Amino acid sequence: MTTGKELVLGMTLAGKRILLIIGGGIAAYKALDLIRRLRERGASVRVVMTSAAQQFVTTLSVGALSADHVFTELFDRNDEHDVGHIRLSREADLLVVAPATADLMAKLANGHASDLASTVLLATDKKVLMAPAMNPKMWAHPATRRNRATLQKDGIAFVGPAKGEMAESNEAGEGRMAEPLEIVAAIEAMLDERPRPLAGRRIIVTSGPTHEPIDPVRYIANRSSGKQGHAIAAALARLGADVRLVSGPVTIADPAGVATTHVETAAQMKEAVEGLLPADAAVFVAAVADWRTANAAGEKIKKVAGEGPPSLRMVENPDILAGIGHHAQRPGLVVGFAAETQDLIANAEAKLKKKGADFIVANDVSHESGIGLSGVMGGDRNKVRIVSRIGVDEWPEMGKDEVAARLAALIAERLRAIVV
Ligand code: CTP
């Protein structure tokens with residue numbers, strides 16, 4: 001007999017085996033809820049706890065929720081005899097580290113195997129998902145950033161961290177562990193066995209605004225939230241693509257399963273994108289600033305009585321899309337975006353040619369479209385037309401996630417025609 005609850009939840013993880021590694025941090029309490037959520041969806045959960053984790057939650061409560069033995073020691077005669085760390089690391093469909101502490105990230109980035117958790121992570125041949133949680137200063141530290149970049153290059157997936165209040169202090173900033181349901185969604189995406197038409201394809205996506213400095217504290221920016229670009233990156237990843245997202249400064253989290261590079265300026269975005277070539281496709285969603293100041297001041301510009309405001313001399317930024325559209329290593333499929341208020345089709349067709357794109361996703365931001373520029377930038381909905389050499393396809397207004405899913409399907413269809 002099925003209960004109503006099961007019907008609502010769906011056994012999306014039926015038969016899946018998750019090895020959950022709980023690191024030491026306040027967020028460890030959320031791992032208890034995560035175990036419950038995973039089991040509700042049909043997964044079996046086996047848990048490894050670091051010794052620091054045991055300062056925050058007990059093996060007793062974890063064992064009660066997971067209904068299994070909780071593994072804590074590398075050289076535990078009983079555990080090693082019974083399961084052993086190699087089997088532990090391989091007898092799972094996915095390894096999840098939640099919370100992933102700075103210490104656990106550093107250990108894996110550098111290949112340490114000094115306790116059971118790090119040994120299991122090093123010995124596994126399965127995919128690994130990390131949900132970091134730490135103090136914002138620790139997350140922002142160059143060492144942690146370096147370790148995250150290394151782990152991402154090694155194929156480790158990340159979910160979160162999010163911005164928000166820290167449990168242990170009044171500090172706010174990036175470092176809060178993703179909520180259990182977000183982690184579950186990332187796990188479901190990683191274990192999704194539906195057809196993956198973009199498997200083996202590398203796709204570059206740009207997203208968000210760029211910030212162009214005036215001086216160390218001031219910059220020129222725009223209202224792009226990154227929602228559409230991030231949604232496209234996530235949708236492409238769901239179809240199996242190896243997505244490389246280059247994001248300007250945004251407040252939303254990196255999409256699960258997407259290797260994300262963070263940049264500030266157009267120049268940095270261009271360098272990052274070029275560094276990711278060769279690729280099968282590239283989708284330019286970022287609202288790149290058209291201009292930057294000719295010379296950003298090294299020191300904060302001060303008000304000087306009687307002198308009036310400073311004048312800014314602007315120079316044009318490089319057009320990243322046009323650069324890639326005409327590049328010697330041009331990806332087989334190049335997609336650009338355009339925000340048009342008038343002559344949408346003619347303008348988009350001109351951009352196709354000028355920028356060397358295969359199609360332009362034209363946002364209709366005219367007042368008649370009902371959304372407008374301020375609605376598209378930062379909002380959750382979009383109304384687009386797909387302009388290519390073979391014609392124009394008008395899509396109805398829909399959520400940005402739906403635009404992303406349809407665009408990802410279209411990219412998969414176009415790439416199918418291009419032999420690897
Ligand atoms: N683009 C880029 N690098 C730039 C400027 C734009 O890669 N320096 C990309 C954007 O990511 C987008 C497309 O080019 O894919 C937008 O082109 P743009 O000419 O800026 O179009 P609009 O934003 O519509 O602006 P405009 O009013 O200048 O036509």
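Whatever order the structure lists ligands and atoms in, that order sets their numbers, starting from 1. The structure displayed is predicted, hence computed values, not measured ones. Just so you know, these numbers use all the heavy atoms, side chains as well, and skip hydrogens, waters and symmetry mates.
Where the criterion is an N or O separation shorter than 3.5 Å, residue side chain and backbone included, Lys351 meets it with respect to ligand 1. Taking any N or O of Ala289, backbone or side chain, none lies under 3.5 Å from an N or O belonging to ligand 1. Not a single N or O atom of Ala338, backbone or side chain, sits closer than 3.5 Å to an N or O atom of ligand 1. By the 3.5 Å distance cut-off applied to N or O atoms, Gly336 is not counted among the residues near ligand 1. An N or O contact shorter than 3.5 Å is missing between Val288 and ligand 1 by distance.
Between the side chains of Asp115 and Ser118, a donor-acceptor pair is found at a separation under 3.5 Å.
Within the structure, the ring pair (Phe, Tyr, Trp, His ring centres under 6.0 Å) test picks out the following pairs touching residues 179-216 (sequence neighbours left out): His211-Tyr219.
The protein atom (non-hydrogen) at minimum distance from atom 20 (O) of ligand 1 is Asp290 OD1, 3.9 Å. The protein heavy-atom contact nearest to atom 9 (C) of ligand 1 is Leu321 CB, 3.8 Å.
Against a heavy-atom cut-off of under 4.0 Å, Pro318 is close to the following atoms of ligand 1: 3 (N), 4 (C), 8 (N).
Of the options Lys354, Lys355, Lys270, Met269, the smallest heavy-atom separation from atom 17 (O) of ligand 1 is shown by Lys355.
At a 4.0 Å heavy-atom cut-off, ligand 1 does not touch Ala266 at all.
Phe337 meets the ring-ring contact (aromatic ring centres under 6.0 Å, His included) test with no other residue; sequence neighbours excluded.
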